[in-house]
Amino acid sequence: MKISSSSAVCFFISLLLATNLSILEAKTCKPSGKLRGKKPPPGQCNPENNSDCCKDGKLYTTYKCSPRVSGRTKALLTINSFEKGGDGGAPSECDNKYHSDNTPVVALSTGWFNNMRRCFQNITIHGNGRSVNAMVVDECDSTAGCDSEHDYQPPCPNNIVDASKAVWKALKVPKDDWGELKIHWSEA
Ligand SMILES: *[C@@H]1O[C@H](CO)[C@@H](O)[C@H](O)[C@H]1NC(C)=O
Ligand SMILES: *[C@@H]1O[C@H](CO)[C@@H](O)[C@H](O)[C@H]1NC(C)=O
């Protein structure tokens, strides 16, 4: 059978498209897996300040990557305590220390934290029509959660800037609205 030249062209175009698509996919961040939530044992998971606690049987998506960093990286700002006894749990990963919530410090999702490579770097957070510089001191773990190490909190989404209250104050977000805010950030 003779293959018409137009169907041959069609074939090559679809081949080209498929190759391009797989290149695109490699650039976007896809989930690395799922984990099933366990109910926090009594006294575990400090639900203060909007911290989320794992729900029994619920499936949570995990990520080893985060969206690509640009000069204007979109993210979700959340609130965290970096103090001893706060909802952040363990000391910060970068220096194994606690930090005052009156200093502008943040934890970044695993992909952006980039194996400690962003430790002590400053990022500029733009939100609520203002901007503030904050230092990266911790990881918001997107790869694991719902265990004692993570205070029975779910894995972090892959686009989180988890900030001390000093950051929220500097952005002049009214206290009642502290919790979640769409922002963008850049390297300072
Ligand atoms: C919750 O936030 C308040 C003030 O914003 C802070 O004083 C307190 O330590 C936080 N609690 C926890 C458990 O992080
Ligand atoms: C980040 O900012 C803090 C406070 O302004 C400063 O002490 C620190 O040196 C900065 N870090 C880097 C890597 O520039």
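Note: hydrogens, waters and symmetry copies are ignored here, and every other heavy atom, side chains too, is used. Order of listing sets the numbers, starting from 1, for every ligand and every atom in it.
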Residues two or more places apart in sequence or in another chain: which of them pass side-chain hydrogen bond (donor to acceptor under 3.5 Å, both in side chains) with N114? R117
Is the shortest side-chain heavy-atom distance between I123 and V161 below 4.5 Å? yes
Report yes if the SG atoms of C54 and C45 are separated by under 2.5 Å, and no otherwise. no
Collect the protein residues that have a non-hydrogen atom under 4.0 Å from ligand 2 and hand them over in chain and number order. F120, N122, M135
Taking a hydrophobic cluster as the set of Ile, Leu, Val, Met, Phe, Trp and Tyr residues connected by side-chain heavy atoms closer than 4.5 Å, whether directly or through intermediates, do Y63 and F113 fall within one such cluster? no
Could you pull out the closest heavy-atom pair between N128 and K172, with the gap in Å? ND2-O, 3.1 Å
L76 reachable from W112 in the ILVMFWY side-chain graph, under 4.5 Å edges: no
